[in-house]
Student: 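Below is a structure I'd like to ask you about.
Basis for what follows: all heavy atoms, side chains included, without hydrogens, waters or symmetry-related copies.
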Protein chains: 2
Amino acid sequence: MFKELDPLLHSQLRLSIMSLLISVKSATFNFLLEKTGATRGNISVQLKKLEEAGYLEIDKSFQDNYPLTTCRITPKGIDAFERYVDALRDYLGGAEKA
Amino acid sequence: MFKELDPLLHSQLRLSIMSLLISVKSATFNFLLEKTGATRGNISVQLKKLEEAGYLEIDKSFQDNYPLTTCRITPKGIDAFERYVDALRDYLGGAEKA
DNA sequence: TAAACTTGTTTATTATATAAACATAATTTT
DNA sequence: AAAATTATGTTTATATAATAAACAAGTTTA
């Protein structure tokens, strides 16, 4: 009846991050900070989880002497996101709008 | 950018329950048990939370000597569900399918 | 009447999301 | 040049939440 909802994506912040990365392909830590409005700590934790799952790649470098963390969604991440969206459809069916 | 996702609805089981009640208007405990595949304990807990929030009404009666719990979604519950679906749209935008 | 079944609740466990505190280094100020 | 402030993240602690295990109360069956 209802498909499983990938618990890694069924989280407001992680879903926000994935949603952003789906559209921009590459984003800095501060970009995610600004767009999501979450705390740095929270973002740091969730990025690590998404990376460990192989949903995104994280590159750490330096820019103007400051650390710069850059993220990219992976094919696996894109796939998981699409599956999640698809699974969610079952749950929203009742309220589907035109 | 991203709207808040009602934490009461952003839960796989509670969302399943609300989704079912949106379409059938009235359901027994066992109906929910069968359709969701969750445990009785879990369903009991989540029903109570949804009731406390005013998202649904629970009626307890007897049928053939056995307890019978029946649930109905309230207007407030319908409203919350629709808001949730609407908010979610922001998050899925990137993967919106035709 | 004892055993098994039905329907549900309460309690306990595990995981999770989140924020607070910390760390490191680079600037700016005085 | 020392002190304070800013920048960028990480680690740790806390509060919630989801879930399942254990329990309860009554009913039917053997």
Student: Under a 4.5 Å cut-off applied to non-hydrogen side-chain atoms, are A/T36 and A/L20 in contact?
Tutor: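 Counting from C-beta outward, A/T36 and A/L20 do come under 4.5 Å.
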
Student: Please collect all side-chain hydrogen bond (donor to acceptor under 3.5 Å, both in side chains) contacts where either partner lies in residues 37-61 of chain A, sequence neighbours excluded, each pair once.
Tutor: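 Passing the test, one end in residues 37-61 of chain A: A/D6-A/Y55, A/R14-A/Q46, A/N30-A/R40, A/N42-A/Q46.
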
Student: Listed by chain and number, what are the side-chain contact (heavy atoms from CB on, under 4.5 Å) partners of A/A27, not counting sequence neighbours?
Tutor: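 With sequence neighbours excluded, A/A27 shows a side-chain contact (heavy atoms from CB on, under 4.5 Å) to A/L21, A/V24, A/F31, A/L32, given in chain and number order.
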
Student: I want to check one thing: is the phosphate of C/dG8, taken as OP1 and OP2, less than 4.0 Å away from some side-chain N or O of B/S44?
Tutor: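 Negative; the distance criterion is not met.
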
Student: Using a 3.5 Å distance criterion without hydrogens, assess whether the side chain of B/S19 forms a donor-acceptor pair with backbone atoms of B/L15.
Tutor: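 Not at all, since once roles are kept as given, no pair shorter than 3.5 Å links the two residues.
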
Student: On DNA chain C, compare the nucleotides closest to A/Q46 and B/G41; which residue's is nearer the 5' end?
Tutor: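 Closest to the 5' end, via its nearest nucleotide, is B/G41.
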
Student: Could you check which residues of residues 48-56 of chain A get a heavy atom under 4.0 Å from DNA chain D? Sort them by number, please.
Tutor: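 The stretch gives A/K48 as the residues lying under 4.0 Å from the strand, ordered by number.
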
Student: Using side-chain heavy atoms (C-beta onward) and a distance below 4.5 Å, is B/Y91 in contact with A/Q12?
Tutor: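 B/Y91 reaches A/Q12 side chain to side chain.
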
Student: Work out which heavy atom in A/I17 is nearest to a heavy atom in A/L47; give both atom names and the distance.
Tutor: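 So the two residues come closest at CG2-CD2, 4.0 Å.
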
Student: So what does B/I43 touch, heavy atoms closer than 4.0 Å: a base, only the sugar-phosphate, or nothing?
Tutor: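 Nothing, no heavy atom under 4.0 Å.
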
Student: With sequence neighbours excluded, give me every side-chain hydrogen bond (donor to acceptor under 3.5 Å, both in side chains) pair touching residues 69-81 of chain A.
Tutor: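 Only A/D79-A/R83 qualify under side-chain hydrogen bond (donor to acceptor under 3.5 Å, both in side chains).
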
Student: So do B/K3 and B/R89 actually touch side chain to side chain, heavy atoms under 4.5 Å?
Tutor: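 No; the side chains remain at least 4.5 Å from each other.
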
Student: By a strict heavy-atom criterion of less than 4.0 Å, which residues belonging to residues 60-69 of chain B are in contact with DNA chain D?
Tutor: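 Within this stretch, B/D64, B/N65, B/Y66 sit under 4.0 Å of the strand.
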
Student: Could you work out, with ring-ring contact (aromatic ring centres under 6.0 Å, His included) as the rule, every residue matching B/F29, not counting sequence neighbours?
Tutor: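 Once residues adjacent in sequence are excluded, B/F29 has no partner under the ring-ring contact (aromatic ring centres under 6.0 Å, His included) criterion.
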
Student: When you measure from every atom of DNA chain C, which of residues 29-40 of chain A have a heavy atom less than 4.0 Å away?
Tutor: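 Hits under 4.0 Å, by residue number: A/T39.
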
Student: If we ignore hydrogens and angles and just use 3.5 Å, is the side chain of B/Y84 paired with the main-chain N or O of B/P7 as donor and acceptor?
Tutor: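 Not confirmed, B/Y84 side chain does not pair with B/P7 backbone.
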
